[in-house]
Number of protein chains: 2
Amino acid sequence: MSPKPKSSDPAEAAFRAFVRASGLFRNRMDPYFARYGISASQWGVLRALQRAENEGLDGLQLSVLGQRLLVRPPSVTTLIDRLERIGLVSRRPDREDQRAKQVALTPAGRELVARVLVKHPAEIRGIMGCLSEPEQREFQRLMERVAAHLETSIDSISPDPRNLRDPRDPRERRSAAAGDRRP
Amino acid sequence: MSPKPKSSDPAEAAFRAFVRASGLFRNRMDPYFARYGISASQWGVLRALQRAENEGLDGLQLSVLGQRLLVRPPSVTTLIDRLERIGLVSRRPDREDQRAKQVALTPAGRELVARVLVKHPAEIRGIMGCLSEPEQREFQRLMERVAAHLETSIDSISPDPRNLRDPRDPRERRSAAAGDRRP
DNA sequence: ACGAATTAGTTAGCACACTAACTAAAACGC
DNA sequence: GCGTTTTAGTTAGTGTGCTAACTAATTCGT
């Protein structure tokens, strides 16, 4: 074969590196949190609730949690179900909105968060420590740029997932060119 | 309390930006591939098989796919099960190893890959296009640095989880001095 | 004020990741 | 050669994500 430039496109190369790093990242974090008997997603919930406490709130609505964690309502429900079952959070009715519920840490949940937080800075540095401080800042800057762009291009979850009922989607309409797989 | 710098740690800020960008990224890619009736993971399989074809191979073992996609054997099995069920790939026995199987694209799979690849560069630029070319290259560099570091710290899946072979590797001649990237 | 639309949350059903435990074939080790 | 160990792949069971469809409460429009 002739000189076939395999990765001449910097965008694609960056894309691929991102995908790969994300996979490795997940493979690293999952066992880390498993040592505490929780999943990475569950940790996200606990941390969000702890931050809420630090801001003087005594709970968060499920919908707020979903927006923060970039997860849709049914996933939040099952996530909280399990955390409640293992006694780390509790659901309480929201006084001001009868259909909403406030989720808060239990004492056991608070204690687990504290226990994880002791080790957390070391774990984070164990991952990001391969970059110098200026590189870490650049890394952050580029990540936030991409994230901000994704946030505007797709309003995936952050604003509210269910208001996307606009039938006038200017984008490609359900290609269905050669073979339509799943109905 | 006094001035409590909440994010003075660049490592943690970078870490959080990475987590958030990964979530947004997933939320963007999932519906993209759904338009073709496949998942992002399934696309990973199809693309890997197409690359193998381009290198003259007529299939890949499940274990090789698992290493490339950073996924463990049971996940590969179910992934291939479904792709086989919808007729995009096929399993064939491996001539040289009776316990292994070769997975290859079917004509329908090949056709779908071609159809996706037409739109793929635009999709990638739609995501990475918010960065300039030099930024894309820097993004790639930092990602690969972090990935390489994760790869060595955890031998999660990439090298091969199950054969942590002993020091008598036949091709130990090379310059194993500094940073050896990928075998 | 009262019916329609929106919002909070759940349920049902599917896809995909994992670990643990299994079968079967290949590679070692003596 | 023959038994042990390793490797390829699958099965069973769990956790997390999704969409679609539902209930119940709130808000909006007139």
Side-chain angles (χ1 to χ4, degrees), chain A residues 22-23 26-35 37-45 60-67 69-86 91-103 156-157 159-165 181-183, chain B residues 22-23 26-31 33-34 37-45 60-67 69-86 91-103 156-157 160-166 168:
Chain A
S22 297
R26 191 179 48 72
N27 285 339
R28 159 100 178 208
M29 297 311 289
D30 283 353
Y32 168 70
F33 287 117
R35 292 192 324 206
I38 59 176
S39 69
S41 300
Q42 289 175 328
W43 169 249
V45 172
L60 289 178
Q61 292 187 2
L62 299 187
S63 58
V64 174
L65 277 169
Q67 290 168 227
L69 305 176
L70 301 174
V71 153
R72 296 196 190 280
S75 307
V76 181
T77 292
T78 65
L79 206 42
I80 300 301
D81 280 348
R82 284 182 234 273
L83 282 168
E84 199 170 29
R85 187 149 54 74
I86 62 180
R91 260 187 264 237
R92 307 138 125 264
D94 186 316
R95 293 262 172 267
E96 311 181 351
D97 191 337
Q98 288 300 114
R99 68 211 155 149
K101 287 166 188 172
Q102 295 276 337
V103 182
S156 62
I157 286 179
D160 193 53
R162 292 174 290 200
N163 300 353
L164 306 177
R165 328 246 255 75
R181 320 266 154 225
R182 319 235 91 229
Chain B
S22 297
R26 192 178 47 72
N27 285 340
R28 159 99 177 210
M29 296 312 289
D30 283 354
F33 288 117
I38 60 177
S39 69
S41 301
Q42 290 175 329
W43 169 250
V45 172
L60 290 179
Q61 291 186 2
L62 299 187
S63 58
V64 173
L65 277 169
Q67 290 167 226
L69 305 176
L70 302 174
V71 153
R72 296 196 189 282
S75 306
V76 181
T77 292
T78 64
L79 208 41
I80 300 302
D81 280 348
R82 284 183 234 272
L83 281 169
E84 199 170 28
R85 187 150 53 74
I86 62 181
R91 260 187 265 237
R92 307 139 124 267
D94 186 316
R95 292 264 172 265
E96 310 180 352
D97 190 338
Q98 288 301 112
R99 66 210 156 148
K101 288 165 186 168
Q102 295 276 336
V103 182
S156 60
I157 287 177
D160 192 53
R162 291 172 294 198
N163 67 356
L164 306 173
R165 260 176 305 170
D166 49 341
R168 247 177 334 288

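Worth knowing before you read on, the calculation uses all heavy atoms, side chains too, and leaves out hydrogens, waters and symmetry mates. Because the structure is predicted, anything quoted here is derived from the model rather than measured. Letters A, B, ... are given to chains in the order of the sequence lines, protein chains preceding strands, and every chain is numbered from 1.
If you take CD of B:Q42 and C1' of C:dC16, they are 9 Å apart, rounded to a whole angstrom. Between A:R91 atom CZ and C:dG9 atom P the separation is 9 Å, expressed in whole Å.
When the side-chain nitrogen and oxygen atoms of A:S39 are compared with OP1 and OP2 of D:dT16, one or more of them lie within a distance under 4.0 Å. For D:dG9, the OP1/OP2 oxygens have a side-chain nitrogen or oxygen of B:S63 closer than 4.0 Å.
Side chains of B:V45 and B:L69 form a contact here, defined as non-hydrogen atoms less than 4.5 Å apart.
A:R82 comes within 4.0 angstrom of a nucleotide base, judged by non-hydrogen atoms across all strands. Note on B:S41: only backbone sugar-phosphate atoms sit closer than 4.0 angstrom, heavy atoms only; bases stay farther off.
The terminal axes of the helix from C:dA1-D:dT30 to C:dC30-D:dG1, fitted over 5 pairs per end, subtend an angle of 30° to the nearest 10°.
Between A:R85 and B:L60, the residue anchored closer to the 5' end of DNA chain D is B:L60, taking for each the nucleotide with the nearest heavy atom.
With sequence neighbours left out, A:D30 forms a salt bridge (Lys or Arg N to Asp or Glu O under 4.0 Å) with A:R26. For B:E84, the side-chain hydrogen bond (donor to acceptor under 3.5 Å, both in side chains) partners at least two apart in sequence or on another chain are B:R91. Among residues two or more places apart in sequence or in another chain, the side-chain hydrogen bond (donor to acceptor under 3.5 Å, both in side chains) test is passed with A:Q102 by A:D94.
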Check nucleotides 26-29 of chain C against the protein and report each pair of N or O atoms closer than 3.5 Å, with its distance, or say if there are none.
{"unit_1": "C:dA26", "atom_1": "OP1", "unit_2": "B:Q98", "atom_2": "N", "d": "2.9"}

Just the table, please: protein N/O against nucleotides 19-22 of chain C N/O, every pair under 3.5 Å.
{"unit_1": "C:dT19", "atom_1": "OP2", "unit_2": "B:R72", "atom_2": "NE", "d": "2.8"}

Apply side chain to side chain contact (heavy atoms under 4.5 Å, CB included) to A:L79 and A:L65, showing your working. CA-CA 10 Å; A:L79 206 42; A:L65 277 169; over 6 Å; no

